[in-house]
Amino acid sequence: MGLFLINCKDDVTPSYLITVKVNYPDGFSVTDFPVDAVVTATNTNNTRTTTLSVTSDGYAIFELVEGNYTFTTSFVANDNDGEEYIFNGIISNYSLISESEVTMDLILVDNTGGFIFKEIYYAGSVTDEDKGYYSDQFFEIYNNSGDTLFADGLCIALHESTSTSSLTAWVDDNGELLERIPLTFQTWIVPGDGMEHPILPGESFIIAQDGIDHQTDEIGNPNSPVNLSNADWETYVESSGKDLDASAVPNLTLVYTTITTIYDWTASSLGPALVLFRLPDNDWMDYVSDASNFMTKPGSSRSTEYMMIDRSFVVDAVECAKFDAEEVYKRLPAELDAGYTYIEAGNKSSLSVRRKAKMIIGNRVIYKDTNNSSEDFLHDLTPTPGVNPTSVEE
């Protein structure tokens with residue numbers, strides 16, 4: 001009788017170390033990772049998960065059994081200015097069969113921004129006759145967020161006080177700025193049903209006073225620094241019967257005006273206060289039909305009714321000051337703009353103000369937006385409508 005011996009050995013699945021190196025996108029101005037950043041490894045064969053914290057320099061070292069894995073992360077990081085950004089990362093279907101190191105390149109999902117004034121050209125240019133030419137003014141609105149936004153219903157207007165050289169009349173009995181913001185001249189809105197005009201992350205649209213090539217058009221100014229024939233919108237004051245209507249550039253819709261005799265929407269070349277905002281439900285007709293949304297100027301005997309908007313409506317606002325004034329009297333509350341920008345070269349200088357490029361991630365520029373134009377803007381620049389810088393700016 002023969003004796004058969006069988007050597008029984010338990011199947012033991014080997015384990016291996018795998019190092020996941022997490023990398024911020026190039027251009028993000030932070031090197032350390034937040035203490036609550038984690039990476040989760042999911043075994044795709046049995047759905048078991050293992051989660052580890054990421055070290056400050058971006059490493060997560062796992063010991064995992066052999067198998068197929070997906071590694072994921074999602075966290076919020078603050079940049080050097082304290083602004084929050086959301087990052088996601090994923091490595092899919094990784095086959096772990098030996099000790100390994102893999103790289104997880106993060107994707108910027110979103111930041112706290114939205115529509116912002118990117119570049120403002122209000123100073124105007126000078127003609128050969130040494131006269132001021134302001135029909136070439138433009139305002140570039142930029143999507144600083146990581147989401148597609150719709151321009152439909154976005155409004156643009158000027159604060160009633162046209163200069164920072166004197167105290168604004170729009171204050172209460174204690175000398176504090178009113179809770180509502182007074183708008184002067186024409187107030188405009190981007191037409192649309194709410195989803196007609198998508199603006200992708202890192203893209204912009206340009207609002208021109210007159211949508212022509214100001215350098216070559218016979219009614220332009222050869223000394224102008226801009227060609228606005230490719231602008232996205234223009235501010236055509238049809239009621240005046242005197243404004244130029246550039247047929248190739250669509251018109252913004254007029255919401256309200258305090259004056260019918262002027263035939264151009266002109267921002268003060270001494271420094272306007274600009275407001276970008278949305279009305280409740282984007283319903284401008286309902287808003288202007290409500291008398292409570294208007295008031296006369298404090299201390300004035302004139303009967304002009306100014307459209308008033310709540311601070312909460314504001315999407316972005318920029319205070320532009322007169323450079324050589326002995327004092328600067330702000331028109332916008334600090335919660336909307338704690339500082340101001342300016343054109344040092346002054347009126348008719350052909351120069352603009354533009355936000356600083358804070359980060360460049362891939363092809364997308366993220367502009368500085370701390371609600372403090374003294375910190376956020378560069379001044380006295382050659383206008384570059386529709387063009388983004390290629391390097392970070394301080």
Side-chain angles (χ1 to χ4, degrees), residues 115-126 132-142 144 154-170 177 181-188 204 206-209 224-226 228 235 264-277 306 309 311 314-356 367-385 393:
F115 280 125
I116 57 170
F117 285 105
K118 173 202 153 190
E119 184 171 12
I120 302 170
Y121 172 58
Y122 63 87
S125 50
V126 64
Y133 179 84
Y134 305 105
S135 296
D136 56 354
Q137 290 183 341
F138 75 85
F139 313 91
E140 185 173 358
I141 313 303
Y142 185 85
N144 209 38
L154 203 60
C155 299
I156 186 171
L158 302 166
H159 191 287
E160 189 279 333
S161 299
T162 57
S163 173
T164 55
S165 298
S166 58
L167 184 66
T168 178
W170 300 91
L177 294 174
I181 299 170
L183 309 179
T184 194
F185 305 142
Q186 290 83 7
T187 295
W188 304 94
S204 64
I206 295 166
I207 297 173
Q209 186 188 122
S224 172
V226 292
L228 298 178
T235 57
D264 268 325
W265 185 63
T266 305
S268 170
S269 62
L270 301 179
L274 286 148
V275 185
L276 197 66
F277 63 98
Y306 293 91
I309 61 167
R311 298 180 185 185
V314 175
V315 174
D316 192 30
V318 177
E319 181 100 57
C320 303
K322 187 173 185 293
F323 171 71
D324 56 358
E326 292 184 5
E327 294 186 71
V328 172
Y329 296 93
K330 281 184 57 60
R331 299 156 289 187
L332 297 175
E335 67 194 67
L336 300 181
D337 190 350
Y340 55 87
T341 186
Y342 54 86
I343 297 293
E344 185 172 352
N347 188 25
K348 302 185 290 186
S349 62
S350 295
L351 300 177
S352 70
V353 297
R354 177 178 56 74
R355 287 187 187 273
K356 299 174 183 177
Y367 288 94
K368 189 169 185 179
D369 181 20
T370 65
N371 286 354
N372 185 341
S373 292
S374 298
E375 299 293 332
D376 296 345
F377 276 81
L378 300 169
H379 60 86
D380 290 72
L381 302 181
T382 299
T384 55
E393 299 160 324

Inset, instruction - Flag the pair S349 / D380 as yes when at least one side-chain heavy-atom distance between them is below 4.5 Å, and no otherwise. - result: no
Inset, instruction - Give, for atom OG1 of T266 and atom CD of Q186, the distance between the pair rounded to the nearest 0.5 Å. - result: 8.5 Å
Legend entry - Evaluation steps, side chain to side chain contact (heavy atoms under 4.5 Å, CB included), between D136 and S125: CA-CA 8 Å; D136 56 354; S125 50; 3.0 Å; yes
Inset, instruction - Ignoring hydrogens and angles, tell me if any N or O in the side chain of S268 forms a donor-acceptor pair with the backbone of T162 under 3.5 Å. - result: yes
Inset, instruction - Using a 4.5 Å cut-off on heavy atoms from C-beta on, say whether the side chain of L336 contacts that of N371. - result: no
Inset, instruction - Determine yes or no for a side-chain-to-main-chain donor-acceptor pair under 3.5 angstrom, with E344 supplying the side chain and H379 the backbone. - result: no
Inset, instruction - Mark yes when over 12 heavy atoms from residues, nucleotides or ligands other than F185 sit less than 6.0 Å from its CZ; otherwise mark no. - result: no
Inset, instruction - Dump the intermediate steps for side chain to side chain donor-acceptor pair (under 3.5 Å) on T370 and E375, then the final yes or no. - result: CA-CA 8 Å; T370 65; E375 299 293 332; over 6 Å; no
Legend entry - Straight-line distance of S204 OG to N144 CG, nearest 0.5 Å: 11.0 Å
Legend entry - Side-chain heavy-atom pair L274, F117 within 4.5 angstrom cut-off: yes
Legend entry - Pairwise distance CD1(I206) to CD1(I141) - rounded to 0.5 angstrom: 10.0 Å
Legend entry - Inter-residue atom distance Y121.OH - L351.CG, 0.5 Å rounding: 8.0 Å
Legend entry - Atom pair CD1 (I120) and CD1 (I207), whose distance is rounded to the nearest 0.5 Å: 11.0 Å
Legend entry - Student check: side-chain heavy atoms of W265 and I156 closer than 4.5 Å: yes
Inset, instruction - Taking the side chain as every heavy atom from C-beta outward, state whether P385 and V226 have any atom pair closer than 4.5 Å. - result: yes
Inset, instruction - Measure from the side-chain N and O atoms of T164 to the backbone N and O of K322, and report whether any donor-acceptor pair falls under 3.5 Å. - result: yes
Legend entry - Heavy-atom neighbours of Y122 OH exceed 12 at 6.0 Å: yes
Inset, instruction - Find out whether Y329 and T168 are in side-chain contact, i.e. whether some heavy atom of one side chain is under 4.5 Å from a heavy atom of the other. - result: no
Inset, instruction - Return the minimal non-hydrogen interatomic distance between Y134 and K348, and the atom names on each side. - result: OH-CG, 3.5 Å
Inset, instruction - Ignoring hydrogens and angles, tell me if any N or O in the side chain of R355 forms a donor-acceptor pair with the backbone of K368 under 3.5 Å. - result: yes
Inset, instruction - For Q137 and L228, work out which heavy atoms get closest and say how close. - result: O-CD1, 3.8 Å
Legend entry - I309 side, atom CD1; F277 side, atom CZ - distance, nearest 0.5 Å: 4.5 Å
Inset, instruction - Spell out, as yes or no, whether a donor-acceptor pair under 3.5 Å connects the side chain of E319 to the backbone of L332. - result: yes
Legend entry - Residue pair A123 / S269: nearest heavy atoms and the distance that separates them: O-CB, 4.0 Å
Inset, instruction - Decide yes or no for P182 and H159: does some side-chain heavy atom of the first lie under 4.5 Å from some side-chain heavy atom of the second? - result: yes
Legend entry - K330 side-chain N/O to L177 backbone N/O, donor-acceptor pair under 3.5 Å: no
Inset, instruction - For side chain to side chain contact (heavy atoms under 4.5 Å, CB included), just list the numbers for V318 and F377, CA-CA rounded to whole Å, side-chain angles, deciding distance to a tenth of an Å, and then say yes or no. - result: CA-CA 10 Å; V318 177; F377 276 81; 3.8 Å; yes
Inset, instruction - Decide if the gap between the ring center of W188 and the ring center of F139 is smaller than 6.0 angstrom. - result: no
Inset, instruction - For the pair R331 (side chain) and S161 (backbone), establish whether a donor and an acceptor sit closer than 3.5 Å, ignoring hydrogens and angles. - result: yes
Legend entry - Steps toward side chain to side chain contact (heavy atoms under 4.5 Å, CB included) verdict (F115, D316): CA-CA 7 Å; F115 280 125; D316 192 30; over 6 Å; no
